[in-house]
Novice: 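Here it is, the structure in full.
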Amino acid sequence: MRLLGALRLPQRSPDVLVGVEEADDGGVIRLGPEMALVQSVDFMTPIVDDPYAFGAIAAANALSDLYAMGARPLCALNVCAFPSAGVPEPMLAAILQGACDKLQQAGAYLLGGHTVEDRELKFGLAVTGLVHPDRILGRAGARPGDLLVLTKPIGGGVVSTALKGGAAGEEDVQEMVAVMSRLNDLVDLLQACQVHACTDVTGFGLAGHALALARRSQVALRLHAGQVPLLRSARRLAASGWVPGGTRRNQQAVQQAVRFHPQVEEVDRVLLCDAMTSGGLLVAVAPEEAEALLAGLAERDTPARAVVGEVVAADPGTVQVVP
C-alpha cells in the first residue's frame, strides 16, 4: 500500500466507488444507478499436495474478496505461472479443473486466462462480480456496539506449514482442505441481516484483517481470544513450532496497533496473526441482528459461526485482544 500511495494516479472518476485509496478487499466501479462492477485478483504457491484441491482453494480464496464486498461472482480469468519442466501436464490440468469446478459452484464463468513460465508454480484468479451500488459491504461502516462474527476457524497457515514438514495428520489435512475450499457464499444472508461491514480473513491473519476493518471504519475492535474458533490441530501444531514466516511477519506488522492483554498466551497471539489462505468472513453486525445472522449461518452449516468480539468507540484504528 505504501508503494501504491506513491503512484501518480489518473484523476478519479465519480463512478469509482471503491479504489486504490480505500484499500478494501475489492475495487468497485459504478456501471449505472442499480449496478456496480467489483473486481479483485489473488494467486499463490501450492499449500496442499493435491493439485485439484489446490485449484479449488485458490478459486475459493479469490472469490472471497467478492463476497466480502457484497458482490455476486460473474466471471473469472486464470492466472498461472509454472516451470517449463518438472510439472506434469496432468497436475496442471487438475489444478485448473479444481478451480473451474469451484467457479461453477459459485455460478461464475471461466472466460480464459494467462500463463507464464516461472521457477515456482503459482496459481490464482482475477475475479469479477456485480453488486447494487447501495449494497456494497467492505470494511467501512462498522459501528460501536456491533458484534463481530467469524464464519471459519483459523489456523490454516500453521496446519499447511506442518503438512510441508510432515507433521500434519491426514484428518488435519482433510479438515483444512474442507475449510479452505468452502465458498463464503453468504451475500443474501449478510444483506438480509443488515451487516454494517465485512472483510475476509486471509494472509494478514485475523488480527491484521480486523485492524484493517477498524482503520477503514474509524473504530476500535475488541477480540476475545478464547472465543475464536480454531482448526482442531492448530493450537498443538503452533505450540510445536510449525509457524509460517508470514505469520511471524504479521506479528511484527501489527505490534503497534494490536494490543494483547497480558493474559493472552503466546500461542494464541501467534494463531490470531496466522497467515491463512481462504479463511472466513469477519462480519460487523448490529446486536439486534446477530441472532438472525447466527441462525442463518447454522442453516448453511458454515465451518464456524462464532461471536469473537465487538466494535468499540475508544481509540479508533486499533484492536484490543483480551482472553
Novice: Checking N250 side chain against C273 main chain: does a donor-acceptor pair fall under 3.5 Å?
Specialist: yes
Novice: Can you give me the closest heavy-atom contact between A234 and I154, atom names plus distance?
Specialist: CB-O, 4.2 Å
Novice: About how many Å separate CG of D315 and CZ of R259, when rounded to the nearest 0.5 Å?
Specialist: 4.0 Å
Novice: Testing the basics here: between L63 and A106, what is the closest heavy-atom pair and its distance to 0.1 Å?
Specialist: CD1-CB, 3.7 Å
Novice: Take T161 and V243 through the test side-chain contact (heavy atoms from CB on, under 4.5 Å) and record every step on the way to the result.
Specialist: CA-CA 7 Å; T161 299; V243 179; over 6 Å; no
Novice: Do L163 and M176 have side-chain heavy atoms sitting under 4.5 Å apart?
Specialist: yes
Novice: Is the side chain of S217 donor-acceptor paired with the backbone N or O of G141 at a distance under 3.5 Å, no angle test?
Specialist: yes
Novice: What I want to check is whether the side chains of R248 and Q251 have a donor and an acceptor closer together than 3.5 Å.
Specialist: yes
Novice: Are the side chains of N78 and F123 in contact, using a 4.5 Å heavy-atom criterion?
Specialist: yes
Novice: Would you find more than 12 non-hydrogen atoms of other residues, nucleotides or ligands less than 6.0 Å from E288 atom CD?
Specialist: yes
Novice: With a sphere of 6.0 Å drawn around CZ of R119, does it hold more than 12 non-hydrogen atoms of other residues, nucleotides or ligands?
Specialist: no
Novice: Decide whether Y109 and V187 are clustered together by the hydrophobic rule: side chain heavy atoms of Ile, Leu, Val, Met, Phe, Trp, Tyr closer than 4.5 Å, transitively.
Specialist: no
Novice: Donor-acceptor check, side chain of D65 to backbone of V38, threshold 3.5 angstrom: yes or no?
Specialist: no
Novice: Taking atom NZ of K152 and atom CG of L230, what is their separation to the nearest 0.5 Å?
Specialist: 15.5 Å
Novice: Any link between M69 and L130 through a network of hydrophobic side chains (Ile, Leu, Val, Met, Phe, Trp, Tyr) touching at under 4.5 Å?
Specialist: no
Novice: What I'd like to find out is whether the side chain of V219 reaches to under 4.5 Å of the side chain of P316, using heavy atoms alone.
Specialist: no
Novice: To the nearest 0.5 Å, what is the distance between NZ (K102) and CG (L125)?
Specialist: 12.5 Å
Novice: Would you say T247's side chain and A275's backbone share a donor-acceptor pair under 3.5 angstrom?
Specialist: yes
Novice: Within a strict 4.5 Å, meaning less than it, do heavy atoms of the Q105 and L183 side chains meet?
Specialist: yes
Novice: Would you say H132 and Q191 make side-chain contact, with heavy atoms under 4.5 Å?
Specialist: no
Novice: Does the side-chain contact (heavy atoms from CB on, under 4.5 Å) test come out yes or no for R72 and D188, once each step is laid out?
Specialist: CA-CA 9 Å; R72 297 282 188 188; D188 59 334; 3.4 Å; yes
Novice: Strictly distance-based, threshold 3.5 Å: is any side-chain N or O of R216 a donor or acceptor partner for the main-chain N or O of G138?
Specialist: no
Novice: Looking at every non-hydrogen atom in both residues, tell me the closest pair between A60 and S181 and how far apart they are.
Specialist: CB-O, 3.8 Å
Novice: Could you tell me whether a side-chain N or O of R305 sits under 3.5 Å from a main-chain N or O of A295, the two making a donor and an acceptor?
Specialist: no
Novice: Do M276 and L221 belong together in a cluster built from hydrophobic side chains that touch within less than 4.5 Å?
Specialist: yes
Novice: Are V312 and P144 packed together at the side-chain level, in the sense that at least one heavy-atom pair is separated by less than 4.5 angstrom?
Specialist: no
Novice: With side-chain contact (heavy atoms from CB on, under 4.5 Å) as the test, would you mind laying out the steps for V311 and L213 before giving the verdict?
Specialist: CA-CA 10 Å; V311 180; L213 191 152; 5.6 Å; no
Novice: Should the heavy atoms of other residues, nucleotides or ligands under 6.0 Å from CD of Q218 be counted, would the total exceed 12?
Specialist: no
Novice: Give the minimum heavy-atom separation between V321 and A225, together with the two atoms involved.
Specialist: CG1-CB, 4.1 Å
Novice: Should we say atom CZ of R135 is surrounded by more than 12 heavy atoms from elsewhere, each under 6.0 Å from it?
Specialist: no
Novice: Counting only N and O atoms by type, is there a donor-acceptor contact under 3.5 Å from the side chain of S240 to the main-chain atoms of W242?
Specialist: no
Novice: Does a side-chain heavy-atom distance below 4.5 Å link L297 with V149?
Specialist: yes
Novice: Just verifying a value: how many Å separate L137 CG and R139 CZ, rounded to the nearest 0.5 Å?
Specialist: 13.0 Å
Novice: Before accepting this row, confirm whether a basic side-chain N of the pair R143/E289 lies closer than 4.0 Å to the acidic partner's carboxylate O.
Specialist: no
Novice: Just how far is it from atom OG of S160 to atom CE of M180, taken to the nearest 0.5 Å?
Specialist: 5.0 Å
Novice: Is the shortest side-chain heavy-atom distance between V179 and P153 below 4.5 Å?
Specialist: yes
Novice: Backbone N or O of R249 within a donor-acceptor pair of the Q252 side chain at under 3.5 Å?
Specialist: no
Novice: Please report the closest heavy-atom contact between G203 and H209, naming both atoms and the distance.
Specialist: N-NE2, 3.7 Å
Novice: Would one find more than 12 heavy atoms of other residues, nucleotides or ligands at under 6.0 Å from atom CD of E89?
Specialist: no
Novice: Going only through I, L, V, M, F, W and Y residues with side-chain contacts under 4.5 Å, is there a path from M35 to V131?
Specialist: no
Novice: Here's a test for you: under side-chain hydrogen bond (donor to acceptor under 3.5 Å, both in side chains), which of T277, D200, D42 qualifies with N61?
Specialist: D42
Novice: More than 12 heavy atoms of other residues, nucleotides or ligands under 6.0 Å from CZ of F204: yes or no?
Specialist: no
Novice: What are the two closest non-hydrogen atoms of V254 and G208, and how far apart are they?
Specialist: CG1-CA, 4.1 Å
Novice: Cluster question for you: counting only ILVMFWY and a side-chain heavy-atom cut-off of under 4.5 Å, with indirect links fine, are L92 and V48 together?
Specialist: yes
Novice: Before giving the answer on side-chain contact (heavy atoms from CB on, under 4.5 Å), spell out for L189 and V195 the whole-Å C-alpha distance, their side-chain angles and the decisive distance to 0.1 Å.
Specialist: CA-CA 9 Å; L189 177 61; V195 162; over 6 Å; no
Novice: Hey, is CD on E34 packed in by over 12 heavy atoms from elsewhere, all under 6.0 Å?
Specialist: no
Novice: Are the side chain of T151 and the backbone of L281 linked by a donor-acceptor contact shorter than 3.5 Å?
Specialist: yes
Novice: For the atom pair OG1 (T199) and CG (D25), what is the distance rounded to the nearest 0.5 Å?
Specialist: 3.5 Å
